[in-house]
Amino acid sequence: MPSSASSRPSPIKNVVVLGGSYAGGRAAEVLSKVLPEGYRVVLVDRQSHFNHLYLFPRVGVVPGHANKVFVPFTNFFNSPALPPPATLPPPSLTDPKTTIKGLKSTYVHAGVTKIGEGFIEVDKDLGVEVTGEEAEPVEEVDEEEVAKLGEKLENLGMTEEGSSRRRIPYEFLVYALGCKLPPPLVTPARTKKAGVAHLEAQTKRIAEASSILIAGAGALGIQYASDIADLYNNPENAEHRPEGCVSPKKITIVHSRDRFLPLYKQEVHDEVYDRLTKLGVDVVLGERLALPSVEEELKVLNQTRTITTKAGKEIEYDLLMRCTGQSPNSALLGEFIPEALNEWGFVKVQSTTQVDAGESTRKTDNIYVVGDVADANVIKAGHTGWNQAEITIQNIMSSVMCNVKGSDTEGQEPTMAHYKPSPPQIKVTLGLRNSCSELLPEMDAKETIIAKKDDGPIDNYWSLIWSRMGISTEDLTV
Ligand SMILES: Cc1cc2nc3c(=O)[nH]c(=O)nc-3n(C[C@H](O)[C@H](O)[C@H](O)COP(=O)(O)OP(=O)(O)OC[C@H]3O[C@@H](n4cnc5c(N)ncnc54)[C@H](O)[C@@H]3O)c2cc1C
């Protein structure tokens, strides 16, 4: 009979981090280095590699770089993490004798399927119960095998709850599952091989298209429009084009608002508008499109068709890129604490980054929510998720240390840190080497400043993230 992992006392207490991207990854890397003995991080992500999303549009347009945006998690807990927040760790925690130094922290490649009180469940058999000292790092399982296993269980009428080998107990939970991305970035890929194949297929579709319609001009639409135009319509970049491509291309970007990136200064709009028009992109602002359904779209794939804007402008295209629509991955938490979701499905949070569970009677003070999925009253961005994670780290550490025998705060109430939303900041690329940014010159500066650049590398500093994750860049296929 499988034992119930959640009902058994565990010699090692897990801080389970769901989602190893910009927000969850930051929480996991620092916590694994500062948690005292008896605690460890279990990082769960359905991706086999860290997906460096910022560069996805670029490597989906320019061929030959897709391998660079998938970084193995293999050295994650030994990586040279950037320094923890200034308030952490307190001196007593840096003593190697009292810390695990990340050795027992674990990355689990699996999809999360359920959250319960004190445990989570994943979509594959972990091979070990992730409960105690004896637990070994989990072996990688082939995605096909996982799918087959899921089918087998379904055929047997079993639920995941039937096996405690799918269940991981937690003392603290960090929920950082982000958002479902707009269509060009959505992929069922869970491995590097499949992710690279997805991006290479996108590169090929773009190369073969004669006329491209980009619907939506947030940062993503702007990046695709300017990269495609710079690659295919700028003679200086001919050497970077794939063989047999169609060049030049007609590129149209349509936006329902009459201003680009309205959260930012007028100068940002002006720069985006100037660059796009200089690159020959047809810019249509203040117009809505009645787009065909995805099913309709599939029937006419690669054929030239025409769409008429509500104001009567006709746009011809043979490739449509829908660059709108991002929705939160909050369903799992919502099933456990329905009170925690706001009307758009984002998770309500307190300034401590703990979930705001309203009237819920469940135990929720050990659940933290960070990154794009959180309604943190700040723009959705990697850097804001990272900053929220810093607060989570401090608060989990403060709670943990109040329970550690002999610590300075043993038996006291934890002192909670509070997240302060920062003003909107952005860096948007405007072609293969150009960018415009509006950033705070220092963390506590009052006013953002605008900077324009025209000498960025085409593969956009990808190797920095590999070094940070402790991975050599010699073999990009790992
Ligand atoms: C093209 C582009 C460029 C960008 N550029 C910038 C930039 O320059 N600066 C900036 O600050 N921000 C930028 N952003 C925004 C930034 O990427 C997001 O805000 C950031 O990814 C949010 O991080 P996150 O950790 O909250 O979630 P995500 O990055 O969405 O990660 C969620 C993680 O959860 C995992 N996951 C989801 N569901 C499950 C499940 N059921 N089981 C297991 N794992 C699961 C996913 O695999 C993923 O690893 C950019 C975004 C895009 C699309």
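We number each residue from 1, following the sequence as shown. In listed order, ligands and their atoms are each counted from 1.
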In ligand 1, the atoms that come under 4.0 Å of a heavy atom of Gly19 are 33 (C), 34 (O)
Are any of the heavy atoms in Cys179 under 4.0 Å away from ligand 1? yes
Apply the test side chain to side chain contact (heavy atoms under 4.5 Å, CB included) to residues Phe119 and Val16: give CA-CA distance (whole Å), side-chain angles for both, the deciding distance (0.1 Å), then the verdict. CA-CA 9 Å; Phe119 69 91; Val16 173; over 6 Å; no
From Gln354 atom CD to Ile396 atom CD1, the distance as rounded to the nearest 0.5 Å: 9.0 Å
Closer than 3.5 angstrom, by distance alone: can the side chain of His255 be matched with the main-chain N or O of Val284 as a donor-acceptor pair? no
Test of understanding: given a 4.0 Å heavy-atom threshold, classify the contact between Lys380 and ligand 1 as side chain, backbone, both, or neither. backbone
Identify the protein heavy atom lying closest to atom 52 (C) of ligand 1, giving its residue, its atom name and the separation to 0.1 Å. Leu53 O, 4.4 Å
I'd like to check which ligand 1 atoms, numbered from 1 as shown, lie under 4.0 Å from a non-hydrogen atom of Gln47. 47 (O)
Main-chain N/O of Thr352 paired to Asn395 side chain as donor or acceptor, under 3.5 Å: yes
With a sphere of 6.0 Å drawn around NZ of Lys363, does it hold more than 12 non-hydrogen atoms of other residues, nucleotides or ligands? yes
Closest protein heavy atom to atom 45 (C) of ligand 1, given as residue, atom name and distance to 0.1 Å: Leu177 CD2, 3.5 Å
Per-atom filter on ligand 1: closer than 4.0 angstrom to a heavy atom of Pro57 are 1 (C)
When only distance counts, is Val112 in polar contact with ligand 1, meaning an N/O pair under 3.5 Å? yes
Is there at least one protein heavy-atom neighbour under 4.0 Å from atom 18 (C) of ligand 1? yes
Heteroatom distance test (Ala381, ligand 1): nitrogen or oxygen, under 3.5 angstrom: yes
Counting from 1, what ligand 1 atoms have a heavy atom of Gly371 closer than 4.0 Å? 26 (O)
Taking the cut-offs as 6.0 angstrom to the six-membered ring centre and 45 degrees off its axis, would you call Lys249 and Tyr232 a cation-pi pair? yes
If we only count heavy atoms from C-beta on, is the Arg275 to Asp230 side-chain gap below 4.5 Å? yes
Number the atoms of ligand 1 from 1 as they appear, then name those within less than 4.0 Å of a heavy atom of Gly111, with their elements. 42 (N), 43 (C)
Counting only heavy atoms, which portion of Ala110 has something under 4.0 Å from ligand 1: side chain, backbone, both, or neither? backbone
Is there at least one pair of N or O atoms, one from Leu220 and one from ligand 1, spaced under 3.5 Å apart? no
Heavy-atom proximity to atom 27 (O) of ligand 1, best of Gly20, Gly178, Gly24: Gly178
Under 3.5 Å donor-acceptor, Arg46 side chain and Val112 backbone: no
Identity of the nearest option to atom 49 (O) of ligand 1, non-hydrogen atoms only, from Asp45, Ile222, Asn387, Val17: Asp45
The protein heavy atom nearest to atom 20 (C) of ligand 1 is Tyr22 CD1, 3.5 Å
Close side-chain approach of Pro182 to Gln326, heavy-atom, < 4.5 Å: yes
Within the structure, is a non-hydrogen atom of Pro182 found at a distance of less than 4.0 Å from ligand 1? no
Using a 4.0 Å heavy-atom cut-off, say whether Leu18 meets ligand 1 through its side chain, its backbone, both or neither. neither
Give me the nearest non-hydrogen protein atom to atom 43 (C) of ligand 1 as residue plus atom name, then the distance to 0.1 Å. Arg46 N, 3.3 Å
Under 3.5 Å between some N or O of ligand 1 and some N or O of Tyr54? yes
What residue and atom, counting heavy atoms only, is the protein's closest point to atom 53 (C) of ligand 1, and at what distance? Leu185 CD1, 3.5 Å
So for ligand 1, is Ala23 a polar contact partner (N or O within less than 3.5 Å, distance only)? yes
Ion pair present between Glu208 and Arg205, side-chain N to carboxylate O less than 4.0 angstrom? no
Residue, atom and distance of the protein heavy atom nearest atom 16 (C) of ligand 1 read Gly382 N, 3.5 Å
Regarding ligand 1, does Asp372 bring an N or O atom to under 3.5 Å of one of the ligand's N or O atoms? yes
Element-labelled atoms of ligand 1 that are located less than 4.0 Å from some non-hydrogen atom of Ala176: 32 (C), 33 (C), 34 (O)
Distance under 4.0 Å to a non-hydrogen atom of Gln223: what atoms of ligand 1 satisfy this? 1 (C), 3 (C)
Protein heavy-atom partner closest to atom 31 (O) of ligand 1 - residue, atom, separation in Å: Ser21 CB, 3.0 Å
Would you please indicate yes or no on a ring centroid separation below 6.0 angstrom for Tyr107 and Phe73? yes
Should the pair Glu447-Lys265 be classified as a salt bridge under the 4.0 Å nitrogen-to-oxygen rule? yes
Less than 6.0 angstrom separating the ring centers of Phe50 and Tyr22, yes or no? yes
Relative to the ring of His52, is the ring of Tyr54 parallel (under 30°), tilted (30 to 60°) or perpendicular (over 60°)? tilted
Is the His49 ring parallel, tilted or perpendicular to the Phe70 ring (thresholds 30°, 60°)? perpendicular
Spacing of Lys452 atom NZ and Ser435 atom OG [to the nearest 0.5 Å]: 11.0 Å
